[in-house]
2 protein chains.
Amino acid sequence: MARQRAIYQRIADELRADITAGTLREDMRLPTEAELAQRWKTSRATAVQGLKVLVNEGLIVADRPRGYFVRKRRPMVYRPQAEFRIPEPDADIFRQRIADEQDSREPSQKIEVAISSPSKTVQRRLHIDAKTAVAVRRRMRSIDGDPFNLNDSHVPLSLVEGTDWMSPEDVPRGTNRVLAELGYEIIHSVDEIMVRMPTPEESSRLALGPGTPVAEHIVTGYARRDGRETPVQVTVNILPGDRHVIIYDRVREGESA
Amino acid sequence: MARQRAIYQRIADELRADITAGTLREDMRLPTEAELAQRWKTSRATAVQGLKVLVNEGLIVADRPRGYFVRKRRPMVYRPQAEFRIPEPDADIFRQRIADEQDSREPSQKIEVAISSPSKTVQRRLHIDAKTAVAVRRRMRSIDGDPFNLNDSHVPLSLVEGTDWMSPEDVPRGTNRVLAELGYEIIHSVDEIMVRMPTPEESSRLALGPGTPVAEHIVTGYARRDGRETPVQVTVNILPGDRHVIIYDRVREGESA
DNA sequence: GAGTGGTCTAGACCACATT
DNA sequence: ATGTGGTCTAGACCACTCA
């Protein structure tokens, strides 16, 4: 057998080319496994292997038992910098962002608040150890009922115990505003963005298809305390790649030196 | 058969748990396909299927014929904002960044310059159509000889024809400096970050393992011309997820309104 | 030469949604 | 009832590297 390029690879290559060329458009149905096996004079298992390549590239999905379909990507705009602004009265930041950018889609969120021991990720950024309790505000955001992203904020418990920050409800003026009122106005933040495949838990919470990577966007917020910048809040966002474009605006500031 | 959770899924679950718990550490060897098949009293094909799950999650790699190994992640810091500064004399931005952050690793890059018709991506951002030629400056950056990322800058040909911008060499003072000297100083830029699986071409150029997503980081640079901000340069960076952490610094500016 | 993963075959039974 | 993908079996030959 000519083993230059495996059969399943060539099946994948051909279908991929059809997709990128537009011969196969969004939501269109691909040939069935049986059809491909026949057309390539191979076993069904090999056709399956070829299709699986494209599934893992995030290009197609299997919608059993209807068949394989070309996947659609409709990313929404996500602006970390917008989180910094004080939101309009009665307009949660998240809600505002959606309304700004896109046509009428219905945003919603589920909020949970918990007290827990900080993960390594949080410990390192807040300069605390595992024994220092943190308050966690977990939000699962959806659009039109479909999961959109996850947003977990962590603050040392001592800073926010008994305050609005820990209310498991929408806080219309924004939780950053609450922090500011408590004397912890965030004046500086560092964003880290990492790209990886989701954990199985993220995958099921966000209903991710296979081949969908996520951005892990960690924001560490600093406040000025005793004349020094101190980290007060760490927010971990999990953003599915097929639903987000992250945008930053950068203006060259008063170029000195 | 109890078909709650497929055998291959349970194989994957168990190994994944071992990895996240640290029982299986970086670079450690996993059981062979045959061993797993035996241990789970199933066929080799099913063991293979289980291992493939973890491969596609980017957790393990098959290093034939040595076996499967737990993958290591050593992301390096990538600061889009650093690209904005004028670099030190004789220090290319890229080189400087590496030196700043990490211990002694040897950066290198290969540069190609071409003239071509702009892609849709570039057209939209430069406000030009397919008939307007662009100059493209493609850089493949490596560290210690290993591919690190791709960086393609696009500028309308008319702006840079015959200038240093098109030299297929290192430009010590930086290409943004060259643009500034030509009267196109970039005063504002917009960063877009998208997360997806790589194309096969990216995959081979960057030697990506399966299960490695990329960030596509597009920077559109604007200059002031005739009192208006005009897009002059679009740079497309392809950043492998297993090699980068993208970092932004944000300082709350003179809060008005 | 032995052992590894890479690929392939030719079947099989199943759950599920649509017809 | 039919056809889809999901899973599984029990083999097979190959290319490659290491001892």
Side-chain angles (χ1 to χ4, degrees), chain A residues 1-15 24 27-71 200 203-204 207-211, chain B residues 1-15 19 24 27-71 200 203-204 207-212:
Chain A
M1 303 294 118
R3 183 54 50 69
Q4 274 201 342
R5 188 140 178 94
I7 302 176
Y8 82 92
Q9 290 285 6
R10 290 194 279 131
I11 295 177
D13 289 347
E14 186 183 276
L15 293 172
L24 284 170
D27 272 332
M28 276 176 71
R29 188 170 178 276
L30 277 76
T32 66
E33 297 174 347
E35 281 166 5
L36 285 172
Q38 202 172 40
R39 185 189 309 172
W40 289 84
K41 299 193 201 316
T42 184
S43 67
R44 190 184 143 212
T46 300
V48 170
Q49 210 180 345
L51 289 163
K52 213 154 258 175
V53 171
L54 301 184
V55 169
N56 286 323
E57 287 177 5
L59 292 177
I60 66 176
V61 284
D63 182 3
R64 192 173 62 154
R66 297 199 305 131
Y68 289 89
F69 292 83
V70 180
R71 198 155 155 183
S203 205
S204 79
L208 301 180
Chain B
M1 300 295 118
R3 183 54 50 71
Q4 275 202 341
R5 188 140 178 94
I7 302 175
Y8 82 93
Q9 289 286 6
R10 290 194 279 131
I11 296 177
D13 290 347
E14 187 183 278
L15 294 171
I19 293 171
L24 283 170
D27 272 333
M28 277 176 73
R29 187 170 178 277
L30 278 75
T32 66
E33 297 175 348
E35 281 166 5
L36 285 172
Q38 202 172 39
R39 184 188 309 172
W40 289 83
K41 299 193 202 317
T42 183
S43 67
R44 191 185 141 210
T46 300
V48 170
Q49 210 180 347
L51 289 163
K52 213 154 258 175
V53 170
L54 301 183
V55 169
N56 286 322
E57 288 177 4
L59 292 177
I60 66 176
V61 285
D63 182 3
R64 192 173 62 155
R66 297 198 307 131
Y68 289 89
F69 292 83
V70 180
R71 197 154 154 182
S203 205
S204 79
L208 302 180
T212 308

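Every heavy atom of this structure was used, including side-chain atoms; hydrogens, water molecules and symmetry mates were not. So you know, we letter chains A, B, ... as the sequences are listed, proteins then strands, and number each from 1. This is a predicted model, so every value here is computed, not measured.
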Determine whether Tyr8(B) and Val53(B) satisfy the following criterion, side-chain contact (heavy atoms from CB on, under 4.5 Å), listing intermediate values before the conclusion.
CA-CA 8 Å; Tyr8(B) 82 93; Val53(B) 170; 3.7 Å; yes
Using a 4.0 Å cut-off on heavy atoms, which residues in residues 58-65 of chain A reach DNA chain C? List them by number, or say none.
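Per residue number, the list reads Arg64(A), Pro65(A).
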For DNA chain C, find the residues of residues 30-52 of chain B with a heavy-atom distance under 4.0 Å and give them by number; none if there aren't any.
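Going residue by residue through residues 30-52 of chain B, the ones with a heavy atom under 4.0 Å of DNA chain C turn out to be Thr32(B), Glu33(B), Arg44(B).
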With Val70(B), which of Asp27(B), Leu30(B), Leu54(B) fulfils side chain to side chain contact (heavy atoms under 4.5 Å, CB included)?
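Passing option: Leu30(B).
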Any salt bridge between [X] and [Y], counting N to O under 4.0 Å?
X        : Y        : answer
Glu57(B) : Lys52(B) : no
Glu35(B) : Arg44(B) : no
Asp63(B) : Arg66(B) : yes

With a cut-off of less than 4.0 Å, is there a side-chain N or O of Tyr68(B) near OP1 or OP2 of dG6(C)?
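Affirmative; the distance criterion is met.
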Give a yes/no on whether any side-chain N or O of Tyr8(B) is located under 4.0 angstrom from OP1 or OP2 of dC8(D).
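No, no such contact exists.
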What is the separation between atom [atom1] on [X] and atom [atom2] on [N], rounded to the nearest whole Å?
X        : N       : atom1 : atom2 : answer
Arg10(A) : dC8(C)  : CZ    : P     : 8 Å
Ile11(A) : dG6(C)  : CD1   : C1'   : 15 Å
Arg5(A)  : dC14(D) : CZ    : C1'   : 18 Å

Side-chain touch Val48(B)/Ser43(B), heavy atoms, less than 4.5 angstrom:
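No, every pair of side-chain atoms sits at 4.5 Å or beyond.
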Taking the side chain as every heavy atom from C-beta outward, state whether Leu51(B) and Ile11(B) have any pair of such atoms under 4.5 Å apart.
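A side-chain contact under 4.5 Å is absent here.
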Counting only heavy atoms from other residues, nucleotides and ligands, does the tally under 6.0 Å from CD of Gln38(B) exceed 12?
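Count not over threshold, so no.
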With DNA chain C as reference, determine whether Arg66(A) or Arg29(B) sits nearer its 5' end, using the nearest nucleotide of each.
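The residue whose closest nucleotide sits nearer the 5' end is Arg29(B).
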